[in-house]
Amino acid sequence: MDNNKIYIGIDNGTTGTIGIVGNGIEPQLHHTPTKKVLDYTKAKKNVTRLDCVAFKDILDQFNHNDICVIMERPMINPTRWTASMTAIRCWEATLIMLESLGISHQFIDSKEWQREMLPKGVKGSDEQKKASLDIGNRLFPQFADFKQKDRDGILIAEYARRNNK
């Protein structure tokens with residue numbers, strides 16, 4: 001295991017989280033930094049976008065050569081068009097930031113990290129969120145009061161650390 005490596009797990013989307021773990025650092029959990037702006041449509045409509053400046057501030061705490069980002073693939077579902085577009089827009093902005101900063105990154109399906117980090121038999125979104133919250137709080141009790149329905153970001157980072165991704 002690389003002692004200098006910083007693992008950053010990104011639960012994709014504007015309502016996701018960013019978890020950070022590594023040897024010798026205090027674990028961190030952040031809400032994905034976002035901003036609300038007017039959409040490009042003629043009719044007034046707001047959209048939520050990645051706040052790239054705040055995201056860069058999170059990344060700039062560390063030597064970029066020591067960072068490995070593991071991003072969950074975005075949810076794409078034609079029956080949930082607006083949510084899919086928001087997820088893919090956030091994913092693309094995140095990807096552009098990582099590429100422009102020269103930060104190593106890879107993608108992961110939720111099932112891959114959940115298979116190792118969540119108990120067998122957990123099914124459905126509600127059960128998965130509850131299991132993620134419970135296990136995340138058990139592994140990282142310092143985040144027990146963190147306002148979020150799950151701990152996916154930190155669990156993705158921990159999965160990557162355990163598997164030396």
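Counted within 6.0 Å of CG on N46, heavy atoms from surrounding residues, nucleotides or ligands total more than 12; the atom is thus considered enclosed. More than 12 non-hydrogen atoms from other residues, nucleotides or ligands lie less than 6.0 angstrom from CZ of R73. For R49, the CZ atom sits in a loose shell: 12 or fewer heavy atoms of surrounding residues, nucleotides or ligands are nearer than 6.0 Å. For D126, the CG atom counts as loosely surrounded, since its 6.0 Å shell holds 12 or fewer non-hydrogen atoms of other residues, nucleotides or ligands.
Side-chain heavy atoms closer than 4.5 Å link hydrophobic residues (I, L, V, M, F, W, Y) into clusters, and following such links, even through other members, never connects I18 to I135. Transitive grouping of hydrophobic side chains (ILVMFWY, heavy atoms separated by less than 4.5 Å) brings F107 and I67 into a common cluster. Linking ILVMFWY residues whenever their side-chain heavy atoms come closer than 4.5 Å, directly or via other members, places I88 and W81 in the same cluster. Linking Ile, Leu, Val, Met, Phe, Trp and Tyr whenever their side-chain heavy atoms come within less than 4.5 Å puts W91 and L59 in one cluster. A single hydrophobic cluster is not seen to contain both I96 and M71; linkage of ILVMFWY side chains at heavy-atom distances under 4.5 Å, directly or through other members, places them apart.
The shortest side-chain heavy-atom distance between R162 and M117 falls under the 4.5 Å cut-off. Side chains of F146 and I154 form no contact here, defined as non-hydrogen atoms less than 4.5 Å apart.
There is no side-chain donor-acceptor pair under 3.5 Å between T34 and D51. In summary, the side chains of N137 and R151 do present a donor paired with an acceptor at a separation below 3.5 Å, with no hydrogens or angles considered.
The CD1 atom of I10 sits 9.5 Å away from the OG1 atom of T17 when rounded to the nearest 0.5 Å. Distance check, rounded to the nearest 0.5 Å: OG1 of T86 to CZ of R80 gives 10.0 Å. Taken from CG in L118 to OG in S110, the straight-line distance is 9.5 Å, to the nearest 0.5 Å. We find the CG-CG distance between L95 and L50 to be 11.5 Å, quoted to the nearest 0.5 Å. Distance CG/N23 to CD1/I6: 8.0 Å, rounded to 0.5 Å. In this structure, NE2 in H30 is found 10.5 Å from CG in D57, a value given to the nearest 0.5 Å.
Between the side chain of H31 and the main chain of K147, a donor-acceptor pair closer than 3.5 Å is present. Side-chain atoms of Q148 come within 3.5 Å of backbone N or O of T15 as a donor-acceptor pair. Counting only distance, with no hydrogens or angles, the side chain of E112 and the backbone of D109 share no donor-acceptor pair below 3.5 Å. Put simply, the side chain of N163 never gets that close to the backbone of K165: no donor and acceptor are under 3.5 Å apart. A donor-acceptor distance shorter than 3.5 angstrom exists from the side chain of H105 to the backbone of I103, with no hydrogens or angles considered. In this structure, the side chain of S84 engages the main chain of N77 through a donor-acceptor pair within 3.5 Å.
Salt bridge present: D134 and K130 bring a charged side-chain N and a carboxylate O closer than 4.0 Å. Salt bridge annotation for E158-R161: present, with a cationic side-chain nitrogen under 4.0 angstrom from a carboxylate oxygen.
Results of the side chain to side chain contact (heavy atoms under 4.5 Å, CB included) test with Y159 over Q114, E116, R115 single out E116 as the only residue that passes. Of the candidates D11, D152, D150, D152 is the only one forming a side chain to side chain donor-acceptor pair (under 3.5 Å) with S132.
Between F140 and F143, the angle of the ring planes lies from 30° to 60°, which puts this pair in the tilted group.
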Would you sort out whether E72 and W113 count as a side chain to side chain contact (heavy atoms under 4.5 Å, CB included), showing the intermediate values?
CA-CA 9 Å; E72 197 172 57; W113 70 265; 2.9 Å; yes
